[in-house]
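Computed from a prediction, not measured in an experiment: that's the story for all the values here.
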Amino acid sequence: MKPSTSHWGAFSAEVDAEGRLRVEPHPADPAPSPLLGNLAAALGHPSRVARPAVRRSWLERGPGPDDRRGRDEFVEVPWDDVLDRLAAELDRVRTEHGNQAIFGGSYGWASAGRFHHAQSQLHRFLNTIGGFTASRNTYSNGTSSVLLPHVVGDTHAVLRQASTWPTIAAHTELIVAFGGVPEKNVFVTPGGVTVHGTSGHLTRLRARIALISPLRDDIPSTVDARWYPIRPATDTALMLALAHTLVVEGRHDREFLDRYCVGYPEFERYLIDTGTDAEWAAGITGIPATDIVTLAREMAAHRTLITVTWSLQRTEHGEQPVWAGIALAAMLGQIGLPGGGFGHGYGSMGDVGDTGPEIRIPSLPQGVNPVEEFIPVARIADLLLHPGETYDYDGEVRRYPGTRLVYWAGGNPFHHHQDLNRLRRAFTRPDTVVVHEPHWTATARHADIVLPATTALEREDLGSGRRDTHLIAMHRIGEPAGEARDDYAIFAALAARLGVSDAFTEGRTARQWLEHLYGGWRATPSFAEFWADGELRLPPGREHHTLFADFRADPDTHPLKTPSGRIEITSATVAGFGYPDCPGHPVWLPPTEAGPLWLIANQPHTRLHSQLDAGDVSQAGKVAGRERIRLNPADAAARGITTGDVVRVFNTRGACLAGAVLDDALRPGVVQLPTGAWFDPVDDHPTGPLCAHGNPNVLTADIPSSRLSQGCAGQHAAVDVERFPEPAPPVQALHPPLRKGR
């Protein structure tokens, strides 16, 4: 058994004599992730890209926009041939159009390894040949990443240095959890997590929990919580009503607001003048007014922690629930007190509230990008569809550069992005699309050049997550599938063809890079000793920590990084931008679309994003071979739907098929279909284009959360659901596309 790690946990593994992968979780892990069961599919599954492949039309006609991407067949090409062609195309684009015409689209989740981190590899390579147009922020919390500096001055502190779970367990009396604390998400941390501790912390809580969510299972069943089944996209209205109750009953902390905040009087005038009281909010949220008033009084009477999941900001007007949550916590006057205040991301990622070490782990240097152009990460379709057009972003007016070549390694935009039919149109626009992929995902199928990449099981690396307790020596478990190569080997070969080999490799092999990175980080134990041991235990982090404690103790000595040095309940900076969809303080902005049902497109519990959808755990969660959609029994009965039925989920943007499951853990009027089923478009079906596999991003809107952040708004969509008449088209996503021999 050899050691390795993944974003969902450390493990040991071996390939047996029959070629089967055997996996054992790390012995120190009290709650191993079930997602380890997906790993076997990473080795030798039929969906693996076995050899370099080039789309036939690109091979025969050369670069150029083409609406056959995603519909064309592929021709397998020898490595030297495809690398020669790709190097020539990269050189053509940068010479004729400039390096800003290359978009480097990687999203970083491909491996927990710090050297074979696909995003770092791609960026380092592109920087050595003159740079590229980059993306900024994340789909996960891109809205908050832009907002938080304006309100509390420090995104990193809120997202990475939250109050620790032991502190919450010791001091918190009431947790008001907007979006809950979904246990399925806490198994995952970028770079890995060796000891999963969040589930144990939740069982040790003494606090009462108010679960504010349309889904009752957004808190573990082992935790006692009162469920407030709120309508989706209305959390801000509830927060404003809670704040209004505090004001009219005189339960807010005026001393804290005066000393530690700016802009509260403007916010209070808004609450009173617009009448955001409990009766008003009840009609919007579906929460009875008496429950709202009672909850506000309980919050003021107890040590209260207000938490907001990242899912709430991944919506239209997603800035508002985060900002309103901070304002509400400030009105209670408990920010900076142990167990009180505000938290953002508990239940969204495994390291939020963790007590692990805060140590910088060695990683591959990316170099400096000479190109200043960038886009917010969720605006990729706009970049390709609207070159030269302007857009607003955080007080700036920016322009989309013209894109000739898209180079994607380590990501699957046909999972992350919204309105996939629009994204398909966008992918017809560039001259060339290049993808490194282990599997024939939809992104690979919409490329011109597909290069088979190894998985983390097929190479050596160093692995450790944020706040992880261990650095793991990631040994090679199995041999590369087919002709797959490491991203590093691919880029090194391209760098040699483009005359920048020394700048990219610095004369090192992949193993020599591991030794170099480790040796520059620490001297003892030696790399050889570390590699032989298989892991290095890292020193413990702080068990008890309270977010903004220093600021509360002395706001003059420890001011926030906002213009005022205080919490900006009203931001003059944001107000000065003049954005109608994100004014200068929290407000109620209703969603712009409505439908018979609200779809929640949240993270799956059977995989990480779309990774290893072919794995055993992911496949076991399917219904009728498709992603499962949960419906409230009342909504299902009104449509003649029963458990196990294949249903069509649709709106004006698109449609997908899914397998129905009835569950009263959803409030009526809500359906839940997780993201990550590999996109499987059927273009010629009599009912119209649809995804046969159940990818909800054919339904979500490709709109920004606001002009401030341009963040992803893919958490919700207005839809309807109907039984689908047999026969349903088969799922083809896990089978390779039609390929021709060399």
Can you tell me if CG on D554 sees more than 12 non-hydrogen neighbours from other groups inside 6.0 Å?
yes

With a 4.5 Å limit on heavy-atom distance, are the side chains of M331 and V247 in contact?
yes

Between A177 and I209, the two heavy atoms sitting closest are CB-CG2, 4.5 Å

Residue list, side chain to side chain donor-acceptor pair (under 3.5 Å) with T245, at least two apart or on another chain
none

Can you confirm if the aromatic rings of F548 and Y260 lie within a centre distance of less than 6.0 Å?
no

Beyond-backbone contact of N602 with P182, side-chain heavy atoms, under 4.5 angstrom:
no

Determine whether a donor-acceptor pair (N or O, by modelled atom type, separation under 3.5 Å) exists between the side chain of Q313 and the backbone of T143.
yes

Nearest heavy-atom contact between G180 and T307 is O-OG1, 4.5 Å

Residues L271 and A243: closest non-hydrogen pair is CD1-CB, 3.8 Å

I need the full list of side chain to side chain donor-acceptor pair (under 3.5 Å) pairs touching residues 565-577, with sequence neighbours left out, sorted by first then second residue.
D556-R566, S564-E568

Does I272 reach the side chain of H244, with side-chain heavy atoms less than 4.5 Å apart?
yes

Can D354 and R466 be counted as an ion pair, charged N to O under 4.0 angstrom?
no

Quick one about S163 and T167 (side-chain donor to acceptor, distance below 3.5 Å, no hydrogens or angles considered), yes or no?
no

Hey, are H317 and T236 close enough side-chain-wise for a donor-acceptor pair under 3.5 Å?
no

Hey, could you give me each pair passing side chain to side chain donor-acceptor pair (under 3.5 Å) that has a residue in residues 170-180? Not counting sequence neighbours.
none

D664: what forms a salt bridge (Lys or Arg N to Asp or Glu O under 4.0 Å) with it, not counting sequence neighbours?
R216

Residues in ring-ring contact (aromatic ring centres under 6.0 Å, His included) contact with H416, at least two apart in sequence or another chain:
Y107, Y139, H609

Using the salt bridge (Lys or Arg N to Asp or Glu O under 4.0 Å) criterion, which residues pair with R424? Sequence neighbours excluded.
D683

Does CD in E279 sit with more than 12 non-hydrogen atoms of other residues, nucleotides or ligands closer than 6.0 Å?
no

What pairs meet the side chain to side chain donor-acceptor pair (under 3.5 Å) rule with one or both residues in residues 288-298, with sequence neighbours excluded?
R226-D291, E249-R297

Smallest heavy-atom separation, W227 atom then L666 atom, equals CH2-C, 4.2 Å

Go through the structure and list residues passing side chain to side chain donor-acceptor pair (under 3.5 Å) with N137, not counting sequence neighbours.
Y393

Test of understanding: with side chain to side chain donor-acceptor pair (under 3.5 Å), list the residues that count as partners of E255, not counting sequence neighbours.
none

Quick check: closest heavy atoms across T164 and H544, and the distance to 0.1 Å?
OG1-CA, 3.5 Å

Could you list the residues that satisfy side chain to side chain donor-acceptor pair (under 3.5 Å) with H585, not counting sequence neighbours?
none

Exam field: side chain T304 to backbone M299, donor-acceptor pair closer than 3.5 Å
yes

Under 3.5 Å, is there a donor-acceptor pair between the side chain of D581 and the main chain of S706?
no

Give a yes or no on whether a salt bridge exists between D217 and R630, defined as a side-chain N under 4.0 angstrom from a carboxylate O.
yes

According to salt bridge (Lys or Arg N to Asp or Glu O under 4.0 Å), does anything in residues 308-335 pair up with another residue at least two apart or in another chain? List the pairs.
none

Determine which pairs satisfy salt bridge (Lys or Arg N to Asp or Glu O under 4.0 Å) with at least one residue from residues 379-392, sequence neighbours left out, and list them in order.
R379-D382, R379-D702, D382-R422, D392-R707

To check you understand the geometry: which heavy-atom pair defines the closest contact between Y579 and E396, and what is its length?
OH-N, 4.1 Å

